[in-house]
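These notes concern the structure reproduced below.
Along the sequence shown, residues carry numbers from 1.
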Amino acid sequence: MTTVFVEGRRREKSGGVGQVPPPAPEFAREIAALRDEDYDLVLRGGARVNGISVTWPFARLLVGRNQIELRVQTLMPIRIARAEVTGVRRVRGPYSRGFKFRTESGRLEKVSFWPVGKAAEQLAELGWR
């Protein structure tokens, strides 16, 4: 049996509940629409995107060397260029560990991913630190 918890919060300045602003044009040019098999790693877990929270298994993080795509069920995919990310910050929750992607613009400030297993090492192997 799978239980899904979806939590909503008030509208945020960053484009509305469950949305993030688009990347800056210089980073948007570096993002390609890839198929699942074109990514090096696929992680399942939970996620929080600007006030919307989903539990495992309703979020997937598809990781390549040059871009990451976060897919959260019922939301638009969030594509992130490697050049946009200034660092990966680990975060702790009451029951698990997750991470956030730091950017100069702060557009991903309200986005976090909570993987199942030890994903930090796998991300680091692909150059995401």
Side-chain angles (χ1 to χ4, degrees):
M1 174 185 256
T2 302
T3 303
V4 178
F5 295 102
V6 176
E7 173 188 332
R9 291 191 177 181
R10 64 184 171 77
R11 185 177 177 96
E12 300 285 345
K13 292 179 185 176
S14 56
V17 174
Q19 299 176 2
V20 297
E26 64 268 20
F27 301 124
R29 286 189 284 274
E30 297 181 22
I31 298 173
L34 301 177
R35 299 172 304 183
D36 290 5
E37 57 269 11
D38 294 332
Y39 288 97
D40 299 313
L41 175 66
V42 177
L43 301 169
R44 280 204 179 269
R48 174 168 273 178
V49 179
N50 199 14
I52 298 290
S53 294
V54 298
T55 60
W56 177 92
F58 298 105
R60 289 189 309 158
L61 189 71
L62 295 91
V63 184
R65 293 197 180 274
N66 296 319
Q67 77 180 42
I68 282 183
E69 184 172 332
L70 176 61
R71 294 185 188 163
V72 176
Q73 192 166 356
T74 72
L75 300 179
M76 293 294 293
I78 299 167
R79 293 187 179 115
I80 306 162
R82 177 65 189 102
E84 180 181 13
V85 175
T86 59
V88 178
R89 183 172 60 115
R90 296 183 75 169
V91 293
R92 286 193 104 137
Y95 306 107
S96 62
R97 293 181 182 171
F99 43 84
K100 293 178 166 247
F101 297 97
R102 287 189 218 143
T103 63
E104 291 287 326
S105 68
R107 84 174 182 103
L108 303 172
E109 188 175 300
K110 304 255 184 223
V111 176
S112 57
F113 180 74
W114 303 86
V116 174
K118 299 186 180 212
E121 294 84 13
Q122 293 172 308
L123 284 174
E125 287 175 13
L126 293 171
W128 295 85
R129 297 184 169 113

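Under a 3.5 Å cut-off, the side chain of Arg71 and the backbone N or O of Leu62 do not form any donor-acceptor pair. The closest donor-acceptor contact from the side chain of Arg82 to the backbone of Val85 lies under 3.5 Å. Between the side chain of Asp40 and the backbone N or O of Gly64 there is no donor-acceptor pair closer than 3.5 Å. Looking at Trp128, its side chain never comes within 3.5 Å of a backbone N or O of Ala120 through a donor-acceptor pair. Side-chain atoms of Thr86 come within 3.5 Å of backbone atoms of Arg102 as a donor-acceptor pair (strictly under, hydrogens ignored).
Of the charged side-chain nitrogens involved, none lies within less than 4.0 Å of a carboxylate oxygen, so that Arg107 and Glu109 do not count as a salt-bridged pair.
Phe101 pairs in a side chain to side chain contact (heavy atoms under 4.5 Å, CB included) with only one of the listed residues (Leu70, Val88, Val111), which is Val88.
Contact detail for Ala124 and Arg129: the closest heavy-atom pair is O-NH2, 3.2 Å. Counting all heavy atoms, side chain and backbone alike, Gln122 lies closest to Lys118 at OE1-O, 3.6 Å. Considering all non-hydrogen atoms of both residues, Ala59 and Val54 come closest at CB-CG2, 4.1 Å. Closest non-hydrogen pair, Glu30 versus Ala83, comes out as OE1-CB, 3.2 Å.
Note that NZ of Lys100 and CZ of Arg89 are 5.5 Å apart. Values are rounded to the nearest 0.5 Å. Distance check: Arg48 CZ to Ser112 OG gives 6.5 Å after rounding to the nearest 0.5 Å. Note that CZ of Arg90 is 9.5 Å distant from CG of Leu123, once rounded to the nearest 0.5 Å. In this structure, CZ on Arg65 lies 9.0 Å from CD on Glu125, to the nearest 0.5 angstrom.
Val72 and Ile31 end up in different hydrophobic clusters when Ile, Leu, Val, Met, Phe, Trp and Tyr side chains are linked at under 4.5 Å. Under the 4.5 Å side-chain contact rule for hydrophobic residues, Leu61 and Phe27 do not share a cluster. Under a hydrophobic-cluster definition in which Ile, Leu, Val, Met, Phe, Trp and Tyr are linked whenever side-chain heavy atoms come within less than 4.5 Å, directly or via other members, Ile68 and Val49 are assigned to the same cluster. The hydrophobic clustering, which links ILVMFWY residues whose side-chain heavy atoms are closer than 4.5 Å, places Trp114 and Phe99 apart.
A 4.5 Å side-chain heavy-atom check between Glu84 and Ser105 finds at least one atom pair inside the cut-off. For the pair Glu69 and Tyr39, the minimum side-chain heavy-atom distance is below 4.5 Å. Under the 4.5 Å side-chain criterion, counting only non-hydrogen atoms from C-beta, Phe113 is in contact with Leu43.
By the 6.0 Å contact criterion, CD on Glu104 is open, its count of non-hydrogen atoms from other residues, nucleotides or ligands being 12 or less. The neighbour count for Asp38 CG, taken as heavy atoms of other residues, nucleotides or ligands under 6.0 Å away, is above 12.
Both tests do not hold together for Arg44 against Trp56: distance to the six-membered ring centre under 6.0 Å, angle to the ring axis within 45°.
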Evaluate side-chain contact (heavy atoms from CB on, under 4.5 Å) for Leu108 paired with Ile80, printing each intermediate quantity in order. CA-CA 9 Å; Leu108 303 172; Ile80 306 162; 3.8 Å; yes
Could you give me the CA-CA distance, side-chain angles and deciding distance for Arg97 and Val91, then say whether side-chain contact (heavy atoms from CB on, under 4.5 Å) is met? CA-CA 6 Å; Arg97 293 181 182 171; Val91 293; over 6 Å; no
